[in-house]
Novice: 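Structure incoming, see below.
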Amino acid sequence: MCEGLVGIPLEDMSGSPAPYNGLVMSILNADLHCHSTISDGTLTPETLAARAKANGVELWSLTDHDEVAGQHRAMAAARDLGMPYLTGTEISVTFANVTVHIVGLGFDPDHPAMVQGLAATRGGRGERAREMSDQLAKAGIPGAYEGALKYVGNPELISRTHFARYLVEAGACKDTNEVFRKYLTEGKPGFVPHRWASLGNAVGWIREAGGVAVIAHPARYDHSPTQEYALFSEFKAHGGQAVEVVTGSHSPSEYVKYADMAIEFGLAASRGSDFHSPEESHCDLGSLPFLEGRLTPVWELLADRIR
Ligand code: AMP
Ligand code: MN
Ligand code: MN
Ligand code: MN
């Protein structure tokens with residue numbers, strides 16, 4: 001379960017369907033961050049759509065890492081369920097030597113700038129995976145590349161998550177959290193530093209394709225307060241417009257901290273579970289607290305992009 005008071009779907013409060021055209025409302029069960037088999041989730045776009053709908057999600061986005069190949073499927077599934085949809089992706093960026101994730105929402109998924117930019121971002125993953133596997137072999141875990149591949153749904157998108165699943169299968173750790181603690185993270189075997197997209201490029205692709213850029217889960221980065229301030233300032237200078245305030249990996253005090261920062265920097269606020277898998281994610285689709293009323297919900301900026 002996600003931390004804090006769980007949002008009550010609007011139907012339960014009013015007895016009538018959510019006034020979906022009342023997009024000015026912060027009280028909307030929007031879930032604008034999750035992953036499918038197109039990246040490192042374990043459910044297909046269609047199964048995720050059904051789960052979101054069953055959980056009362058009123059506005060949904062599938063945000064696979066560095067990839068838009070699931071967008072038309074997610075959109076069609078949402079349409080069949082009568083669930084409003086925003087296109088999405090989560091772009092891997094290197095900022096101040098740290099990997100930062102930038103979510104894009106409401107863009108044209110076929111726009112060449114976005115499609116080519118994401119393809120270039122995915123490009124280094126195969127070689128990185130081979131190097132991760134070599135390091136793990138030296139640490140006594142052979143065959144991790146082949147093992148991880150068994151969990152990969154999209155050959156262009158091999159990620160640390162797929163290695164983590166294999167390491168659990170191989171008995172190296174009891175769960176994927178333990179894998180990230182002992183392996184695959186800075187200073188541990190299986191961590192291969194990688195240069196992702198630049199912040200300016202990622203925000204630029206999203207904007208060129210007509211979308212809104214969002215700083216994903218800001219509390220998760222290994223930045224000093226000065227670097228965090230620089231991230232927000234430069235993101236804003238590049239045309240970034242929103243920050244995830246309520247997300248699966250934030251604590252209640254982090255909801256407040258990033259709500260304050262959204263207001264300080266004049267950014268809209270987003271809400272998304274970052275759901276990957278029923279077995280691994282502690283926060284299910286649509287089960288987060290609502291955004292505080294003092295925030296501008298990112299969907300206010302995207303009212304005309306909702307399908
Ligand atoms: P990659 O893009 O290959 O570097 O993989 C990053 C992904 O690994 C993230 O999107 C998460 O799904 C997963 N991940 C990163 N850190 C952790 C962690 N501490 N526990 C569980 N999953 C993690
Ligand atoms: Mn992931
Ligand atoms: Mn992320
Ligand atoms: Mn994510």
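Read the numbers this way: they start at 1 and go in the same order the structure lists the ligands and their atoms.
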Novice: Measuring to the Mn ion (ligand 4), does Cys34 have an N/O/S atom at a distance below 2.8 Å?
Specialist: no
Novice: Is it the case that Thr63 and Ser61 place a side-chain donor and acceptor less than 3.5 Å from each other?
Specialist: no
Novice: For the residue pair Thr121 / Asp66, report whether a side-chain donor-acceptor contact shorter than 3.5 Å exists.
Specialist: no
Novice: With no hydrogens and no angle check, do the side chains of Asp274 and Thr247 hold a donor and an acceptor under 3.5 Å apart?
Specialist: no
Novice: Strictly below 4.0 Å, N to O, side chains only: are Asp175 and Arg181 in salt-bridge contact?
Specialist: no
Novice: Any ion pair linking Arg51 and Asp284 (charged N to carboxylate O, less than 4.0 Å)?
Specialist: yes
Novice: May I ask you to check if ligand 1 and Trp196 share an N or O to N or O distance below 3.5 Å?
Specialist: no
Novice: Give the name of the N/O/S atom in Glu90 that lies closest to the Mn ion (ligand 3).
Specialist: OE2
Novice: Hey, which atoms in ligand 1 end up nearer than 4.0 Å to a heavy atom of Asp40?
Specialist: 7 (C), 10 (O), 12 (O)
Novice: Can you list the ligand 1 atoms lying under 4.0 Å from a non-hydrogen atom of His276?
Specialist: 12 (O)
Novice: Quick test: of every protein heavy atom, which one is nearest to atom 6 (C) of ligand 1, and how far off is it to 0.1 Å?
Specialist: Arg160 NH2, 3.7 Å
Novice: Under 2.8 Å from the Mn ion (ligand 4), can any N, O or S atom of His33 be found?
Specialist: yes
Novice: Are His238 and Asn201 linked by a side-chain donor-acceptor pair shorter than 3.5 Å?
Specialist: no
Novice: For a quick check under 3.5 Å, do Glu234 and Tyr229 share a side-chain donor-acceptor pair by atom type?
Specialist: no
Novice: Of all the N, O or S atoms in His101, which one sits nearest to the Mn ion (ligand 3)?
Specialist: ND1
Novice: Can you tell me if His162 and Asp40 form a side-chain donor-acceptor pair at under 3.5 Å?
Specialist: no
Novice: May I ask you to check whether His65 brings an N, O or S atom to under 2.8 Å from the Mn ion (ligand 3)?
Specialist: no
Novice: Report the nearest protein non-hydrogen atom to atom 19 (N) of ligand 1: residue, atom name, distance rounded to 0.1 Å.
Specialist: Phe180 CB, 3.4 Å
Novice: Should Glu67 and Arg122 count as an ion pair when the cut-off is N to O under 4.0 Å?
Specialist: yes
Novice: What part of Glu90 sits under 4.0 Å from ligand 1 if we count only heavy atoms: the side chain, the backbone, both or neither?
Specialist: neither
Novice: Would you mind telling me if ligand 1 is within reach of the side chain of Glu280, the backbone, both or neither, using heavy atoms under 4.0 Å?
Specialist: neither
Novice: Would you say ligand 1 has an N or O under 3.5 Å from any N or O of Thr176?
Specialist: no
Novice: Quick one: look at Arg128 and ligand 1, take heavy-atom pairs under 4.0 Å, and tell me if it's side chain, backbone, both or neither.
Specialist: side chain
Novice: With a cut-off of 4.0 Å, which atoms of ligand 1 are near a heavy atom of Asn177?
Specialist: 20 (N), 21 (C)
Novice: Does the pair Glu228/Lys257 count as a salt bridge with the N-to-O cut at 4.0 Å?
Specialist: yes
Novice: Identify, by name, the N, O or S atom of Asp274 lying closest to the Mn ion (ligand 4).
Specialist: OD1
Novice: Would you say the side-chain atoms of Tyr151 and Glu169 include a donor-acceptor pair closer than 3.5 Å?
Specialist: yes
Novice: Does ligand 1 have a heavy atom under 4.0 Å from the side chain of Arg125, from its backbone, from both, or from neither?
Specialist: side chain
Novice: Ligand 1 and Thr161, any nitrogen or oxygen pair closer than 3.5 angstrom?
Specialist: yes
Novice: Using heavy atoms and a threshold below 4.0 Å, how should the contact between Thr99 and ligand 1 be classified: side chain, backbone, both, or neither?
Specialist: neither
Novice: Using the side chain to side chain contact (heavy atoms under 4.5 Å, CB included) rule, pick out the option among His250, Glu244, His101 that qualifies with Arg220.
Specialist: His250
Novice: If I apply the N/O under 3.5 Å rule, does Ser92 come out as touching ligand 1?
Specialist: no
